[in-house]
Visitor: 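Before anything else, here's the structure in question.
When a ligand or atom number is given, it counts from 1 through the structure's own listing order. Remember, predicted model here, so these are calculated numbers, not experimental data.
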Amino acid sequence: MSSVQVKAFFHSLTSTLSYIVYDAENLSAAIIDSALDYDGVSGRLATEFADTQLAFISAHQLNVRWILETHAHADHLSAAHYLKTSLMQSGQLSKVAIGENIAQVQRTFADIFDLNEQDISKTGAEFDCLLQDGQALPLGQFTIEVLSTPGHTPDGVSYLVDGNLFVGDTLFMPDAGTARCDFPGGSAKTLYQSITRIYALPDDTKIWMCHDYQPNQRELAYLTSVKESKAANIHVNQDTGIDSFVDIRTQRDNTLAAPKLLYPSLQVNIKAGALPEKSASGKSFIKIPIFNAY
Ligand SMILES: [Fe+2]
């Protein structure tokens with residue numbers, strides 16, 4: 001049996017890494033964390049990045065079984081709905097899946113955006129599959145194992161396939177540490193517990209990032225291992241205690257501004273990548289709430 005194949009795609013607009021993971025013999029594939037090209041100032045939306053992935057799928061004659069999200073992202077708009085509908089037009093039935101705690105995220109943001117029951121289910125029903133910890137998804141001769149890894153967000157999951165772990169925003173490259181835990185339902189303590197779980201995997205497990213912000217203008221990097229992260233992660237290595245991590249994480253979160261695409265991203269991503277319903281004139285709008293109004 002050959003190894004599972006991993007093809008990385010870098011979305012430079014949002015510093016996001018998306019992956020196509022596939023069985024080169026059986027041609028079954030999964031797409032993890034894809035993105036739309038959205039300009040928040042002009043409102044222009046494009047699909048160039050996702051189209052590059054579709055071209056790769058077509059060139060390799062892959063059958064996309066799964067369109068996976070590691071969580072409801074707050075920094076880019078998911079291309080899941082666009083990919084699913086585009087693949088359907090070429091006869092491929094793909095399932096969009098996310099961690100089951102997306103229902104909690106939907107409830108939180110339904111309140112923030114004043115969404116009613118026509119707008120959002122609050123049960124995760126917009127997704128084809130709600131994933132539980134330990135669930136196994138078939139991918140040709142391989143299995144994608146779901147690991148619940150909350151902390152950055154409540155719905156965070158990681159995907160383990162043939163020694164490759166796609167961690168979403170659970171870990172960053174060792175020189176960048178970890179992702180913020182100050183979104184609604186986030187918890188540094190919970191993230192530490194999720195990372196402890198990842199660090200219990202075999203040392204040679206490959207860890208693929210969902211983001212790389214290239215600290216100190218270094219080259220793009222998106223692959224590390226359990227061994228390297230345990231040895232060198234600047235926020236949580238094998239000797240870091242939970243209290244120390246929570247202190248570091250909380251101090252850093254207090255300095256961070258809201259992500260530029262926070263509201264557009266969440267409005268689309270809690271609906272599995274579908275755009276807001278069109279108005280009578282055929283336009284879609286993004287809501288931006290105002291806080292502390294006078
Ligand atoms: Fe995130």
Visitor: Quick one: do Asp175 and Arg218 make a salt bridge, cutoff under 4.0 Å?
Guide: yes
Visitor: So, Asp75 and the Fe ion (ligand 1): N/O/S under 2.8 Å, yes or no?
Guide: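 No - counting backbone and side chain alike, Asp75 has no N, O or S atom under 2.8 Å.
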Visitor: Nearest 10°: the angle subtended at the Fe ion (ligand 1) by Asp169 OD2 and His71 NE2?
Guide: 100°
Visitor: Spell out, as yes or no, whether a donor-acceptor pair under 3.5 Å connects the side chain of Asn269 to the backbone of Ser78.
Guide: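 Side chain of Asn269 to backbone of Ser78, a donor-acceptor pair under 3.5 Å: yes, one is there.
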Visitor: Any N/O/S atom from His73 (main chain or side chain) under 2.8 Å of the Fe ion (ligand 1)?
Guide: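 Within the cut-off used here (under 2.8 Å), His73 places no N, O or S atom near the Fe ion (ligand 1).
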Visitor: Step by step, work out the ring pair (Phe, Tyr, Trp, His ring centres under 6.0 Å) result for Tyr19 and Phe166.
Guide: CA-CA 9 Å; Tyr19 301 94; Phe166 301 88; 5.1 Å; yes
Visitor: Restricting to N/O/S atoms, is His211 within less than 2.8 Å of the Fe ion (ligand 1) or not?
Guide: no
Visitor: A cation-pi test, strictly: NZ or CZ of Lys7 under 6.0 Å from the centre of the six-membered ring of Phe9 and no more than 45 degrees from its axis. Yes or no?
Guide: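 Here Lys7 passes the 6.0 Å and 45° test against Phe9.
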